[in-house]
Amino acid sequence: MSPRAGGEQQSAGLVSTAWRLLSHIPPLIVLDPSKGAQSKVIYSKKEEVDENGDANMEGALIARDKVGVQDFVLLDSHTSEAAFLNNLRKRYQENLIYTYIGSLLVSVNPYQELDIYTVTQMKLYRGVNFFELPPHLYAIADNAYRVMCNEYNNHFILISGESGAGKTEASKKILQYYAVTCPTTEQLQTVRDRLLLSNPVLEAFGNAKTLRNDNSSRFGKYMDIQFDFKGAPVGGHILSYLIEKSRVVHQNHGERNFHIFYQLLEGGDKDLLCWLGLERNPQKYTYLIQGRCAKVFSINDKNDWKIVRKAFSIIDFTEKDIEHLFGIVASVLHLGNIQFEEDSNGHAIIRDGSQIKWISKLLGAHLSILQEALTHRKIEARSEEVLSPLNVDLAFYARDAVAKAIYGRTFTWLVNKINGSLANKDSTQKTVIGLLDIYGFEVLDTNSFEQFCINYCNEKLQQLLIEMTLKAEQEEYELEGIEWEPIPYFNNKIICDLVEQKHKGIISILDEECLRPGEATDLSFLEKLEEKVGDHAHFVTRKLADQKTRKSIDWVDFRLLHYAGEVTYCAVGFLEKNNDLLYRNLKEVLCNSKNSIMRDCFLLSELDNRRRPETVATQFKNSLTSLIEILMSKEPSYIRCIKPNENKEPGKFDDFLIRHQVKYLGLMEHLRVRRAGFAYRRKYELFLQRYKSLCPATWPHWHGPAAEGVERLIKHIGYKPEEYKLGRTKIFIRFPKTLFATEDAFEYRKHLLSKVPLPLFWDFVPAIKLEACWRGALARRAAKKRTWAVQTIRKFINGFINRKKPLCPENRDFVRLSQYHYLMKLRDHLPKNVLDKSWLQPPSILEETSEMLRKICVRNLVRKYCRGLTAERKVQLQQKVVTSAVFSGKKEGYLESLSQPFLDTRLKNDLNPKVLQLIRGENIKYVTPVIKYDRNGFKARERLLVLTQSSAYVVEMAKIKQKIEYSTLKGISTSNLSDGIVVIHVPEDKQQKGDVILQCEHIFETVTKLCILANKQSLVKVVKGRCQSQKGLDENPWLGTERNLQDGTSPHISPGIFDATGLL
Ligand SMILES: Nc1ncnc2c1ncn2[C@@H]1O[C@H](COP(=O)(O)OP(=O)(O)O)[C@@H](O)[C@H]1O
Ligand SMILES: [Mg+2]
């Protein structure tokens, strides 16, 4: 929890601020009262600064800082809530919206644009010690960033507070801070732009106007910004939590649906709206007007639309993606306008078919199936599926459910898509800073399932804060052997358990009610709660409450005593929201949609999965658990946002409202711990390194143990015993003011060392000499570096000139370097698969090695490929090898056939049972329909060719027309052209009728199977030329003129029939 571990290295940044700070050094900075002269000099410097006018702006800034205290730790009565509020109010009224509690930042929403987010401000905070400048979220952002760069670890900044308190604004400002202040390259500009522009897109789809906030995030967001080793932002990843889907179909008065709907109608050009079947007027859409405020003057939908459209192009969305995405947005609007009425049987039917046509077009779903899905429900009874018509109420329910599901899943798709474009493909290790902007504790007039989830999330995050800060603090003191009375604090694990415990917690009970057979209702759920957690100290219902409390709880309510206070939840709707059911037939329609986004969102595999999907509460619980895991592995920083009033009014400080927030943000608790403990701690070595110039005994070198050096040092500068404690490895300073004073003295000393003439400095260290020595040392260091550089370059050039010679001292290093580079580059450019024949050109000296490596690599790839083959694939490939041996380069159409897998049968139906009977006992290996040509007249007849282990059969319906035993097979011929003719040569005797001429569609497959089964690959002949009749070209309709066969009567057809000469 060091305020700024990287502070030591930033002394350069400090110099510029040092003079500015001198102007507000309070009298308490006089650390050593015996050195009155020192304090005089300090104040005279202040005048000097003022005269120069350098610090005018900063002077004003600092004067403002004196309003109240800028760190609550400095409050006299730190346990008093009134004093806390007083300080907050005083500062807020001067537009000082930020105040620290140690390293935690409290922010009060100003509801007006303040001049504190300029690039100049950003630069001011960059690399500057945490306590040196007025509190700001830039300081928090910078601190996390510096520590990350120095210690190479991961961080997160948790921004919490209630809706409208300024969380999202804070997270955007932090992102901007990194975008402006972090190093970047031209290449990385795109990443930076995408990081920044992901916000407007997510806000368009995930934010909405509520009563509390015109741009309220209706989802939780955790965003990792990834940095490379140079500290440049190189990628990002977003996790989203629990988008408020119910808003798609219903909004309270004074609230709107998600921004994107209004932006599309307001900003989308005429052609687009026409294509989507939409009208510009939002009043036309049922889903947009329930809050009766579709148009709000504080929101410029048209402008926002332009930003979103621009963002899409930068975030890598294709035109097709955008088309499908808006197709979905428009479909939701059309869905909302669908009305149902009753038919004579009391079943729902759609009143006007125009909307459904648009939906069918935009989602690429079949109109009648869609229509049916909206008015029927598919019920599975045993193995049968029955369509049951819905009544009007259920049809409306199904319509809303599908609108919510479509929107909710599209949002998740959007987040994934953005993640794809933010992903950094480079595998080198990155560090990250995560920004968590998540719903704060919510207490509304009526609290439902959503508030239950949100407040549970806050309990978990509070627990995290407790675990990470308070516990860690205490543990560290104990570890350091510092006497410190442990502070009792409220551990809210008991409430988290009440909600999330397996089998016993509220979520488990809710799930049980949702899943159990029978009539489960919200009331039966409430009863179950009473039965199972009724005796929990943090749970009350009307039945369980005492007389006094009873009045304030309704029969359908239950109340939880959260760490932040009591919240009464209305159980109505819990079961339905937790189930979040979408009828199966609606899912089927969406799975088969032609809209690619819908297909990505509704996977066919979901339909096959007969298990019930996880309930919403369980999904939320699981995602929270993994979020907590992510956060636990990182270093935390906290920003607590406060909303000053309900009217979004600048300058208005509503005591009642703020007191409540101070309580549930746990601020007093946090302050209590910070004050009881120590505000600052640092390792002896680091502390001494930084401040050793403040004491003659430690300057310029201290040779003893660092702990003793620090002891001497603080004695010299006059720390009082109550201001500090010395631990095993660190010094602990109780008050930030002590640290400020030390820091200021240090700045002043630095200035003296470089500027002020000797008399003011220690008598025994002449500053000029010191400066000269130091400059000399620096110059020597630089010269040494230059010499080294010259030698290295010379060696490199020499090596290059002699690189072709055998290895010798002149070229050894160069050759080694180029070998190293080649091998390292090769590592990243290895062929990816067996077909990839690329190989990095080696330098001549590495040719042999490269060839060996290439062979090893190819062998490995082949082995990997072979191992990955299934048995079926292996058989396929073996057959393809035979095909290749027989046909490759010989017959037309071979290349096209390669990609077509061989099948075991080409028959659509089963073989005739009689045939099966006849060839019983033989294992059928292959069946294909063929056309057999009579040797007399070449009449075409449809037949089946059946191949068994030992024979080939020519089958007609239920008869076996010909049996050819493989042992008698004399040869197989095909032409080199693209025809499907195959001639099976068999001896003519009594049984056999001579050569068989067949035409088959899959000639390669048929011949391959035949020759493998007959084991006569060598007898297959591919004969050149076209088939020509002795009598000239025959007009044979099924062979085509190219493929006319000889019109012979000989039962014995030689391969020569294909001969170009046409001779028999
Ligand atoms: N630092 C700030 N400066 C100026 N206005 C702010 C600031 N923070 C918040 N606001 C105002 O308050 C509104 C709500 O802030 P927002 O960050 O969206 O709240 P939350 O995310 O906590 O719900 C913003 O739209 C903006 O008008
Ligand atoms: Mg927000």
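Start at 1 and go down the list; that is how both ligands and their atoms are numbered. As a basis for the values below, the full set of heavy atoms in this structure was taken, side chains included, without hydrogen atoms, waters or symmetry mates.
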* To do: Considering only NZ, NE, NH1 and NH2 on the basic side and carboxylate oxygens on the acidic side, decide whether R91 and E94 come within less than 4.0 Å.
  => no

* **ligand 1 versus T168: contacting region, heavy-atom distance under 4.0 Å** => both

* Got a salt bridge between K295 and D301, using NZ or NE/NH1/NH2 to carboxylate O under 4.0 Å? -> no

* Is there any N or O on Y98 that sits under 3.5 Å from an N or O of ligand 1? -> no

* Which of the atoms of ligand 1 are close to N215, meaning less than 4.0 Å from one of its heavy atoms? -> 18 (O)

* Structure fact -> Taken by chain and residue number, the protein N/O/S atoms under 2.8 Å from the Mg ion (ligand 2) read T168 OG1, S217 OG

* Does an N or O from G166, backbone or side chain, lie closer than 3.5 Å to an N or O of ligand 1? -> yes

* Asked: Backbone, side chain, both or neither: what part of Q112 comes under 4.0 angstrom of ligand 1, heavy atoms only?
  -> backbone

* Would you check if P135 and D71 make a side-chain contact, meaning some heavy-atom pair closer than 4.5 Å? => no

* **Shortest protein contact, atom 10 (N) of ligand 1 (heavy atom only)** => N109 OD1, 3.1 Å

* H562 and F441 aromatic ring geometry - parallel, tilted or perpendicular at 30°/60° bounds -> perpendicular

* Asked: What do the steps show when you test N257 against Y262 for side chain to side chain donor-acceptor pair (under 3.5 Å), and what is the final call?
  -> CA-CA 8 Å; N257 208 324; Y262 307 91; 5.3 Å; no

* Closer than 4.0 angstrom: is that true for some heavy atom of E162 and an atom of ligand 1? -> yes

* Asked: Please state which protein non-hydrogen atom is closest to atom 1 (N) of ligand 1 and give its distance, to 0.1 Å?
  -> Y117 OH, 2.9 Å

* Picking from K221, R218, K172, what satisfies side chain to side chain donor-acceptor pair (under 3.5 Å) with E203? -> K172

* Structure fact -> Checking heavy-atom distances from atom 20 (P) of ligand 1 to each of S216, G164, P650, the winner is G164

* To do: Could you check if a side-chain atom of L211 sits within less than 4.5 angstrom of a side-chain atom of N252, using non-hydrogen atoms only?
  => no

* Parallel, tilted or perpendicular: rings of F326 and F312 (30°, 60°) -> perpendicular

* N/O of I97 under 3.5 Å from N/O of ligand 1, yes or no? -> no

* Any N or O on E169 sitting closer than 3.5 Å to an N or O of ligand 1? -> yes

* To do: Report yes or no: does a heavy atom of C641 sit under 4.0 Å from some atom of ligand 1?
  => no

* K621 and E500 ion-paired at < 4.0 Å -> no

* Asked: Is the distance between the ring centroids of W305 and F261 less than 6.0 Å?
  -> no

* **Atom CG of N647 with >12 non-hydrogen neighbours under 6.0 angstrom** => yes

* **Any residue meeting ring-ring contact (aromatic ring centres under 6.0 Å, His included) with Y111, in chain and number order, not counting sequence neighbours** => none

* Tell me which protein heavy atom sits closest to atom 27 (O) of ligand 1, plus the residue, atom name and distance to 0.1 Å. => Y111 CD2, 4.9 Å

* Asked: Out of curiosity, is N213 lining ligand 1, as in a heavy atom under 4.0 Å away?
  -> yes

* Asked: Taking the six-membered ring of F317, is NZ or CZ of K417 closer than 6.0 Å to its centre and within 45° of its axis?
  -> yes

* Structure fact -> atom 3 (N) of ligand 1 sits nearest the protein heavy atom P110 CG, 3.4 Å

